[in-house]
Protein chains: 2
Amino acid sequence: MPAAAASTLPEPAAPAFSPLYQQIKSLLVRSLQGGEWAPGQVIPSEVELAARFRVSQGTVRKAIDELATENVLVRRQGKGTFVATHAEQSTQFRFLRLTPDDGSAPALRRRLLDCRRMRAPPEVARRLGLKTGEAAVQVRRLLLAAAAGDEPRPVVLDDLWLPGPQFKGLTAERLQAWQGPLYRLFEAEFAVHMIRAEEKIRAVAAAADEAELLAVPAGAPLLLVERLSYT
Amino acid sequence: MPAAAASTLPEPAAPAFSPLYQQIKSLLVRSLQGGEWAPGQVIPSEVELAARFRVSQGTVRKAIDELATENVLVRRQGKGTFVATHAEQSTQFRFLRLTPDDGSAPALRRRLLDCRRMRAPPEVARRLGLKTGEAAVQVRRLLLAAAAGDEPRPVVLDDLWLPGPQFKGLTAERLQAWQGPLYRLFEAEFAVHMIRAEEKIRAVAAAADEAELLAVPAGAPLLLVERLSYT
DNA sequence: TAGTGGTCTAGACCACATC
DNA sequence: ATGTGGTCTAGACCACTAA
């Protein structure tokens, strides 16, 4: 079939021109987000997907290729293509990889400290594109790393600000009960899908309250990671 | 030509089986390292390369694809494929982007502090793959940022360790006289081409000597960027 | 043996840049 | 008009995995 066949296909709600394989990629992502294929599970074979979408195997392959290089999917020769599971693991730092000095990979535990609804401070309002005085939700969490045999040690203080209007029903109880990654909750309950994030890194001295929570002396050097996520 | 043609081709010093496109990729990298195509210049078209290597355009394309996703090459539709040059701009922090808090882009100046040849300390020897006691070159530089109208302020202390054997003629005088990016000097004089780098980031408190050089109080929080470059 | 992804080829047309 | 990379297809064979 000639390449021109692309224009004879129905284009499923594609706003503008985009390569077929990009459209396929979007459809795959949508299925992944929709939970059609669970993490760790196989997705249909390339030929199956090609048949489903009415494109050639090569086009499906290119879409899968990109998702594989993005570590969203994992290919295993002879077995199939699987939904990546390590991306789910480290909810935190999906974009910045966090490793202990010795290179080991301890188990991370989360502890919810706080979840309050309040008027957004000016700085936060600006970053989130809220009007000053509009509601925002502040979530504070502590991440504890437990090396083998050691007791958990606090390593990350997570300060999260969410735009109030889009997170109406979010309460401490809801958060407390949720076990999986936060962004999964956001997707499931609030239809909020994170697409992209910018991170800035600074070195700061620990403030008194931060020092106490992290069990370090006040003034100890800390990494401040400022992450702004877009939906 | 069927796929089996791959086995009829001469395999140029390939130690073991590897996909044709990977071999092509290696050849391209070798040409890049050898300086056959200079940064910013066009490389031959896909069809030309396909003819040169006796493979199909698609195979060359896949090799170039990977080099493009690695930011070694840049494709420009209708014009050709170019050797990436974005490395030239910001000598410093090719992999980590460094920006002032206010987002402006001040001019960076370099000041050479030190250039000594010495026995590599154990830690450095390990990282550089040297035998303990083998020679290493330590280069220390200060980067000063001059915002418009302000006097230059030291912002980065650059501590550089080089394997001695590969940098025989490197002296403080040679460094002092050199104006361009360091890696340019390395390429021109020592045939050393940086391909890849790993960076780790920590927050540390300023030691006494570092604090003095950077004009901050001792113990002030600093970002420690540990970069290991591969050739 | 059958099915999967992995590689390779060949040829078509499109979009862009240049002359 | 020509040449470049960009997309898409179709079909071949290979390597791995599992029943």
Side-chain angles (χ1 to χ4, degrees), chain A residues 1-11 14 16-28 37 40-69 71-84, chain B residues 1-11 14 16-28 37 40-69 71-84:
Chain A
M1 198 188 288
S7 58
T8 70
L9 289 174
E11 305 204 356
F17 272 129
S18 84
L20 245 191
Y21 76 91
Q22 287 285 3
Q23 299 177 36
I24 303 299
K25 188 181 167 187
S26 297
L27 293 175
L28 292 177
W37 309 306
Q41 296 308 110
V42 220
I43 71 172
S45 76
E46 294 181 352
V47 283
E48 267 181 87
L49 290 172
R52 177 199 293 197
F53 297 133
R54 310 303 221 53
V55 298
S56 80
Q57 187 190 1
T59 302
V60 170
R61 180 179 294 271
K62 185 151 187 182
I64 293 180
D65 273 347
E66 294 206 348
L67 291 172
T69 63
N71 291 318
V72 176
L73 296 177
V74 177
R75 327 186 75 144
R76 294 192 204 287
Q77 185 173 113
K79 301 182 75 173
T81 301
F82 297 75
V83 182
Chain B
M1 200 188 290
S7 58
T8 70
L9 288 175
E11 304 203 355
F17 273 127
S18 84
L20 245 191
Y21 76 91
Q22 287 285 4
Q23 300 177 35
I24 303 298
K25 188 181 167 187
S26 297
L27 293 175
L28 292 177
W37 309 305
Q41 296 308 111
V42 220
I43 71 173
S45 75
E46 293 182 353
V47 283
E48 266 181 88
L49 291 172
R52 176 197 295 197
F53 298 131
R54 311 303 224 53
V55 298
S56 80
Q57 188 190 1
T59 302
V60 170
R61 180 179 294 272
K62 185 150 187 182
I64 293 181
D65 273 347
E66 294 206 349
L67 290 172
T69 63
N71 290 319
V72 176
L73 296 178
V74 178
R75 326 187 76 145
R76 294 192 202 288
Q77 186 172 114
K79 300 182 75 173
T81 301
F82 297 75
V83 182

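Basis for what follows: all heavy atoms, side chains included, without hydrogens, waters or symmetry-related copies. So you know, we letter chains A, B, ... as the sequences are listed, proteins then strands, and number each from 1.
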Selected nucleotide, minimal atom distance to A:Val55 side chain, candidates D:dT9, D:dT7, C:dG5:
D:dT9
Nearest-angstrom distance from the residue atom CZ of A:Phe82 to P of C:dT4:
12 Å
Answer yes or no: side-chain N or O of A:Arg76 and base N or O of C:dG5 forming a donor-acceptor pair under 3.5 Å.
no
If the cut-off is 4.0 Å, is A:Lys79 near the phosphate of C:dG5, judged by side-chain N/O to OP1 or OP2?
no
Using whole Å, report how far CD1 of A:Ile64 lies from P of C:dT7.
14 Å
Whole angstrom value for the distance that separates C1' of D:dT7 from CG of B:Asp65:
11 Å
Taking atom NZ of B:Lys62 and atom CD of B:Glu46, what is their separation to the nearest 0.5 Å?
14.0 Å
Evaluate the side-chain proximity of A:Asp65 to A:Arg75: yes if any heavy-atom separation is below 4.5 Å, no if none is.
yes
Should B:Thr69 and A:Thr69 count as side-chain neighbours, where that means a heavy-atom distance under 4.5 Å?
no
Between the base of C:dG6 and the side chain of A:Arg61, is there a donor and acceptor pair under 3.5 angstrom?
yes
Tell me: CD of B:Gln77 to P of C:dC14, nearest whole Å?
13 Å
Output the single nucleotide from C:dT4, C:dC8, C:dT18 whose closest atom is nearest the side chain of B:Thr59.
C:dC8
Does C:dT7 have OP1 or OP2 sitting under 4.0 Å from an N or O in the side chain of B:Tyr21?
yes
Mind calculating the distance between CD (A:Gln57) and P (D:dC13) to the nearest angstrom?
15 Å
Of the non-hydrogen atoms in B:Ala63 and B:Tyr21, which two are nearest, and what is the gap between them?
CB-O, 3.4 Å
Rounded to whole angstroms, how far apart are CD on B:Glu46 and P on C:dG11?
16 Å
Round to a whole Å and report the spacing from CD of A:Gln22 to C1' of C:dC14.
16 Å
Do the side-chain N or O atoms of A:Lys62 get closer than 4.0 angstrom to the phosphate oxygens (OP1, OP2) of D:dC8?
no
Report the distance from atom CG of A:Leu49 to atom CZ of A:Arg61, rounding to the nearest 0.5 Å.
11.5 Å
Of the listed nucleotides (C:dT4, D:dC8, C:dC8), which one gets closest to any side-chain atom of A:Leu20?
D:dC8
Can you figure out which of C:dG5, D:dT7, D:dT4 approaches the side chain of A:Pro19 most closely?
D:dT7
Rounding to a whole Å, what distance do you find between A:Arg75:CZ and C:dT7:C1'?
12 Å
OP1 or OP2 of C:dG5 under 4.0 Å from side-chain N/O of A:Thr81
yes
Report yes if at least one side-chain N or O of B:Ser45 is closer than 4.0 Å to OP1 or OP2 of D:dG3; otherwise report no.
no
